[in-house]
Enquirer: 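Just passing along the structure, written as C-alpha cells.
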2 protein chains.
Amino acid sequence: MLRISKLTDYATVLMAEMQSSLDEPRSATVLADQARLELPTTAKVLKILAKSGLVRSIRGVNGGYQLVRPAREISIAAIIRAMEGPIALTECGLEPGTCPREQDCSLRSNWRRIGATVEQALDAMTLADLAAPNSTTEDGHIAERNVDQRLKIVARNQA
Amino acid sequence: MLRISKLTDYATVLMAEMQSSLDEPRSATVLADQARLELPTTAKVLKILAKSGLVRSIRGVNGGYQLVRPAREISIAAIIRAMEGPIALTECGLEPGTCPREQDCSLRSNWRRIGATVEQALDAMTLADLAAPNSTTEDGHIAERNVDQRLKIVARNQA
DNA sequence: CTAAAATAAGACTTAATTGGTACTAATTGA
DNA sequence: TCAATTAGTACCAATTAAGTCTTATTTTAG
C-alpha cells in the first residue's frame with residue numbers, strides 16, 4: 001500500500017516530542033509516557049535512531065536521548081532512511097540478475113525515476129514541518145501550512 | 001522502505017506486455033511465458049486485475065485477458081490501488097481511535113497531505129509512460145522521457 | 001446435443017517480513 | 001558501591017505476502 005512502517009511512524013512521533021527540549025536529555029521511559037507509546041517499542045526506536053546518528057544518547061543516571069540537530073534541519077527522508085534503509089519503490093535496486101527481460105528493465109528504470117522524485121520531496125520536508133499544528137478556517141478548509149509550501153518548492157525545482 | 005509489493009510490480013510488467021495486442025486476448029499461459037513469470041503467480045495477478053476492472057477476462061477456448069483501455073489511459077496509481085488498496089503512507093486513515101494524543105494528530109494530518117501529493121504524481125503517470133523504453137545519450141546521460149515530463153507537469157500543477 | 005478441452009475463479013498452504021518483548025552487558029553519576 | 005540508564009542481542013508472535021492447488025464455467029468440436 002505504499003506505506004511506511006509503524007516503527008517509522010513512531011519515530012516521527014518521538015522526535016516531534018523531543019524537539020521541545022533540545023537542551024537536556026529525556027529518558028526512554030519519560031519519552032514513552034509523553035508520546036503514549038509502549039516502553040519496549042520506544043526503546044527500540046530510540047536505539048535505531050541513535051545508531052544512525054539522528055539522536056544523541058547519554059548513558060547513566062540522568063541520561064537519556066535528545067536531538068542532535070534542531071527539527072527544521074532533519075528531513076523526513078532522513079528519518080525514513082534511518083528506520084527502513086534506502087528509499088525505493090521497487091526492490092530491484094541492487095540485484096541486476098533478477099531482471100529476466102530487456103523490456104522489463106525500462107520499467108525498472110522508470111520506477112527508480114519515480115522513486116527518486118518521491119525521495120526528493122521527502123528530503124525537502126523537515127520534522128518541524130511535519131510537527132506543525134493544523135489550523136482550520138471557519139469555512140472548514142484547512143489553512144495552508146509548511147507542508148504545502150515545501151511541496152510547492154519541490155515542485156518548482158522539479159519543473 | 002516505502003515500496004510497492006512484488007505482485008504490483010508483476011502487474012505492471014504484465015500490463016506492459018498486454019499493451020501490444022489490444023485486439024485479441026492472450027491466455028495466462030502465454031502472458032506468463034512472454035513476461036518470464038511463473039504461471040500461477042501470473043494467473044493470480046491477472047485475476048486481481050480483472051476483478052478490479054483494469055483488464056477484461058474471456059473464458060473458454062481461445063479465451064484470455066486483454067486491457068480494457070489503452071495504456072495511456074491507465075494510471076500507475078490505478079494499478080497500485082487495484083493490487084494493494086488505497087494509497088497511504090501511514091495506516092491510520094480509517095481508525096481515529098488509535099490516535100492517542102492531540103499533537104500526534106497534526107503529524108497524521110501532515111502525513112496524509114504528503115501521501116496525497118505522492119498519489120497525485122502517480123495518478124498523472126500512465127502505463128504507457130512507464131513502459132516507454134530508455135534512450136541513453138553518448139555521454140552516458142539518460143535522455144528525458146515521458147516519465148520526467150509527467151512529473152514536471154504534476155510539479156507545475158502543484159505549484 | 002453431448003462431451004472434452006481450455007480457461008478463469010476461488011480456496012488454501014507456505015514462506016517472509018514486521019512488530020513487539022525480554023534479557024544481559026556496559027556506562028555513568030551519586 | 002549502588003542505582004539508574006542505555007546498548008546490544010536474541011527471541012517470539014502476528015500480520016502480510018507469495019505461491020500452489022482444486023473447483024467451476026465457457027466454448028468449440030464431434
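Only a predicted model underlies this, so the values are computations on that prediction, with no experimental measurement involved.
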Enquirer: Closer than 3.5 angstrom, by distance alone: can the side chain of Gln34(B) be matched with the main-chain N or O of Glu17(B) as a donor-acceptor pair?
Expert: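 Between the backbone of Glu17(B) and the side chain of Gln34(B) there is no qualifying donor-acceptor contact (under 3.5 Å).
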
Enquirer: With nearest nucleotides of DNA chain C determined for Thr29(B) and Asn62(A) from heavy-atom distances, which residue corresponds to the more 5′ nucleotide?
Expert: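 Upstream on the strand: Thr29(B).
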
Enquirer: Applying a 4.0 Å non-hydrogen cut-off, can you work out what Ala28(A) is touching in the nucleic acid: base, sugar-phosphate, or nothing?
Expert: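 The residue Ala28(A) makes sugar-phosphate contact but no base contact.
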
Enquirer: Between Arg81(A) and Asp123(A), does any side-chain N to carboxylate O distance fall below 4.0 Å?
Expert: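 A salt bridge is present here (some side-chain N lies under 4.0 Å from a carboxylate O).
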
Enquirer: Name the closest nucleotide to the Tyr65(B) side chain, picking from dA9(C), dG19(D), dG19(C).
Expert: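 Nearest nucleotide to the side chain: dA9(C).
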
Enquirer: Nearest to the Leu7(A) side chain among dG19(D), dT21(C), dG19(C), which nucleotide is it?
Expert: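 Ranking dG19(D), dT21(C), dG19(C) by closest atom to the Leu7(A) side chain puts dG19(C) first.
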
Enquirer: Distance criterion of 3.5 Å, no angle test: do you see the side chain of Lys44(B) paired donor-to-acceptor with the base of dA18(D)?
Expert: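 Per atom types, the contact qualifies.
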
Enquirer: For Met18(B), run the side-chain contact (heavy atoms from CB on, under 4.5 Å) check against Val13(B), Leu46(B), Leu54(B) and tell me which one passes.
Expert: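 When Val13(B), Leu46(B), Leu54(B) are each tested with Met18(B), the side-chain contact (heavy atoms from CB on, under 4.5 Å) holds only for Leu46(B).
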
Enquirer: Tell me which of Ile58(A) and Ile58(B) sits closer to the 5' end of DNA chain D, going by the nucleotide each one is nearest to.
Expert: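 That would be Ile58(A).
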
Enquirer: Indicate, with a heavy-atom threshold strictly under 4.0 Å, whether Leu46(A) touches base, sugar-phosphate, or nothing.
Expert: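 The answer is nothing, as Leu46(A) stays clear of every strand by at least 4.0 Å.
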
Enquirer: Return yes if the base of dA9(C) and the side-chain atoms of Lys47(B) contain a donor-acceptor N/O pair under 3.5 Å, otherwise no.
Expert: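 Present.
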
Enquirer: What are the two closest heavy atoms between Ile58(B) and Pro25(B), and how far apart are they?
Expert: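 Looking at all heavy atoms of both residues, the shortest contact is CD1-CG, 3.8 Å.
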
